[in-house]
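Inspection log for the structure reproduced underneath, given as structure tokens.
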Amino acid sequence: MSEKVSVVVPVYKVEKYLHRCVDSVLNQTYTNLEIILVNDGSPDHCGEMIDSYAAKDSRIITVHKENGGLSDARNAGMEYVTGNYTMFVDSDDWLDVSMIEKLMNAITKYQADVVQSAIYYAYEDHLLYDNRYYSSNDSPVILNNRNLMYELVKNEKVKNFAWGKLYKTEQIKNLPFKKGVLFEDVFWAHKVMQRVETYVILHQPYYYYLQRKDSIVASYTPRNLDILEGLKERHKFLEQYYNELTNESLKVILKTSLVHYNLLFLNWRKDKSGLYKRDVYLFIRSNYNRISRAVKDDRQLDLQLKLFMITPYLNIAFLLAKKGLRTLRILPRPINLQKININTGA
């Protein structure tokens, strides 16, 4: 008898996408599933839709609760988990039909604690596959704990996302997500990875991560700054348990701070007093010596830091000039991800 896999799906205002998501889980080639659909107080018809699914398939458990956000919904779903393995799926995303089978095969073969799939960034008419580090036919990569934490901090090969991975349930059962924040995975992932001895990366993309039409500039709010709080909280954790990674952590915090300062600048109406920009600036200034030492081996980041400290707008001007030179092909353009047209499969 195959071991049970629990799939936790928080559901909120996703009428348009819910059928595609749930059907992709129900139709998995791996069938010993427990599918926990959590209606997080959705004001549309999502609650009725998941109850309809439950009436047709005994593997589905439905949970209805007041709206508490994604973290609260995941935590509520975890209370019903009985499988040896657990997977999170966001309700506007979907899975390849063989995803769970492939990840279960890997977690068994390598006696792993967590297995990560590659992902597709899914747009309306095309997919993007990140082939900067691996190609889809490369052999799996196996990481031990120290290498894993380094890759998590880098957030390039190992992503902070909770979804797109299969976990041994015992690794995450008593690690709830932090409630009331955006980017909740950043507050959570390092605590999980501290427990992991063997982590496997598969390069075949089995998870489809929907990309909404709203641009980050148009949809940006100061709540997006939660990611900085998560990175700072993680930094304190690294100082305690993985001190050799603190410089890498400071680089990530600086990069993220500069990005959010620029987004606040572009969305000045949402920060008319400049309070949020000031907080970002003061953090960098008050930690300048530590950050400067951390980025000294990264020429561009070191330059951006120096420009920012003269005046933040000098860094913005530098980035705009660099973008213009790339447009004119004077500077090389960044490497693009592999594009796959949905209609043609090309």
Side-chain angles (χ1 to χ4, degrees), residues 70-71 74-75 78 81 84-88 106-107 110-117 133 140-202 225-260 279-280 283-284 286-298 301 305:
L70 179 59
S71 294
R74 284 179 179 165
N75 292 341
M78 283 301 299
V81 165
N84 300 99
Y85 300 92
T86 299
M87 175 181 288
F88 297 103
I107 211 166
Y110 298 103
Q111 293 296 291
D113 300 298
V114 183
V115 176
Q116 169 187 301
S117 160
Y133 312 107
V141 169
I142 303 171
L143 300 174
N144 61 28
N145 183 265
R146 307 306 284 196
N147 292 335
L148 168 60
M149 195 62 73
Y150 170 76
E151 294 297 349
L152 181 72
V153 173
K154 292 276 287 185
N155 195 38
E156 293 174 348
K157 299 173 184 177
V158 175
K159 300 295 187 183
N160 282 284
F161 305 134
W163 46 258
K165 302 175 176 73
L166 181 68
Y167 306 85
K168 280 186 178 177
T169 301
E170 64 188 22
Q171 299 287 342
I172 63 172
K173 188 67 174 176
N174 62 344
L175 281 179
F177 292 89
K178 186 171 183 175
K179 294 190 285 187
V181 296
L182 297 182
F183 304 99
E184 57 288 318
D185 298 349
V186 176
F187 293 83
W188 180 80
H190 59 279
K191 298 175 185 176
V192 175
M193 301 314 167
Q194 185 187 28
R195 301 178 170 186
V196 172
E197 294 183 9
T198 304
Y199 187 97
V200 176
I201 303 175
L202 303 182
L225 293 170
D226 283 353
I227 191 172
L228 282 174
E229 295 310 307
L231 292 174
K232 292 171 188 175
E233 185 176 300
R234 184 179 74 181
H235 186 79
K236 292 177 182 177
F237 168 90
L238 294 171
E239 286 180 321
Q240 183 175 358
Y241 297 107
Y242 299 85
N243 192 59
E244 72 275 14
L245 300 180
T246 53
N247 280 350
E248 200 61 49
S249 174
L250 286 170
K251 288 180 186 178
V252 173
I253 291 173
L254 176 61
K255 289 177 186 176
T256 309
S257 297
L258 295 176
V259 167
H260 282 266
D279 285 345
V280 173
F283 173 82
I284 295 175
S286 62
N287 292 277
Y288 176 78
N289 290 335
R290 287 196 304 153
I291 295 172
S292 180
R293 288 193 296 270
V295 304
K296 64 182 179 181
D297 62 343
D298 186 324
L301 199 52
L305 174 61

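Every heavy atom of this structure was used, including side-chain atoms; hydrogens, water molecules and symmetry mates were not.
The CG atom of L148 lies 8.0 Å from the CD1 atom of I201; values are rounded to the nearest 0.5 Å. Taken to the nearest 0.5 Å, the CD atom of Q111 stands 11.5 Å off from the CD atom of E197. If you take CD on E170 and CG on D113, they are separated by 7.5 Å, rounding to the nearest 0.5 Å. If you take NZ on K251 and OG1 on T246, they are separated by 11.0 Å, rounding to the nearest 0.5 Å. Once rounded to the nearest 0.5 Å, the distance linking CD1 of I253 with CG of N287 reads 8.5 Å. To the nearest 0.5 angstrom, H190 atom NE2 is 10.0 Å from S249 atom OG.
In terms of heavy atoms, T256 sits closest to I227 at CG2-CG2, 3.9 Å. Looking at every heavy atom in both residues, W188 comes nearest to A162 through CZ3-CB, 3.7 Å. Across all non-hydrogen atoms, the minimal contact from N160 to A189 is O-CB, 3.8 Å. Here the closest heavy-atom approach between residue D226 and residue L182 is recorded as OD2-N, 2.8 Å. Annotation for K157 and Q116: closest pair O-NE2, 2.8 Å, computed over non-hydrogen atoms. Summarising the geometry of S292 relative to L305, their closest heavy-atom pair is CA-CD2, 3.7 Å, with the distance given to 0.1 Å.
Residues Y167 and R195 fail the side-chain proximity criterion, which asks for heavy atoms closer than 4.5 Å. Using a 4.5 Å heavy-atom cutoff, the side chains of T86 and K173 are not in contact. In this structure, V181 and V186 have side chains that are not in contact, with every pair of non-hydrogen atoms separated by 4.5 Å or more. Looking at L250 and R293, their side chains never come closer than 4.5 Å, going by heavy atoms from C-beta outward. Between Q194 and Y242 there is a side-chain heavy-atom pair separated by less than 4.5 Å. Proximity of F177 to D185: side-chain heavy atoms (C-beta onward) are separated by under 4.5 Å at one or more points. Looking only at side-chain heavy atoms (C-beta outward), F187 and E229 come within less than 4.5 Å of each other. Between I107 and V200, the closest side-chain pair of non-hydrogen atoms is not below 4.5 Å.
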Q: Take M78 and F88 through the side-chain contact (heavy atoms from CB on, under 4.5 Å) test and state the conclusion after the steps.
A: CA-CA 10 Å; M78 283 301 299; F88 297 103; 3.8 Å; yes
Q: Begin with the C-alpha distance, continue with both residues' side-chain angles, and end with the deciding distance and a verdict on side-chain contact (heavy atoms from CB on, under 4.5 Å) for V252 and N155.
A: CA-CA 9 Å; V252 173; N155 195 38; over 6 Å; no
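With sequence neighbours excluded, the residues forming a salt bridge (charged side-chain N to carboxylate O under 4.0 Å, His left out) with K154 are E248, listed by chain and number. Judged as a side chain to side chain donor-acceptor pair (under 3.5 Å), and not counting sequence neighbours, K168 has no contacts.
Side chain of T198 to backbone of A112: no donor-acceptor contact under 3.5 angstrom is found. Remark: the backbone N or O of T169 is not paired with any side-chain donor or acceptor of N84 at under 3.5 angstrom. Of the possible donor and acceptor atoms, one in the side chain of S71 sits under 3.5 Å from a partner among the backbone N and O of K178.
The local environment of NZ in K179 is sparse, with at most 12 non-hydrogen atoms from other residues, nucleotides or ligands closer than 6.0 Å. Annotation for K236: atom NZ does not count as buried by contact number, only 12 or fewer foreign heavy atoms lying within 6.0 Å.
Ion pairing between E156 and K255 fails under the 4.0 Å rule for side-chain N and carboxylate O.
Ring geometry for Y241 versus F237: interplanar angle of 30 to 60°, hence tilted.
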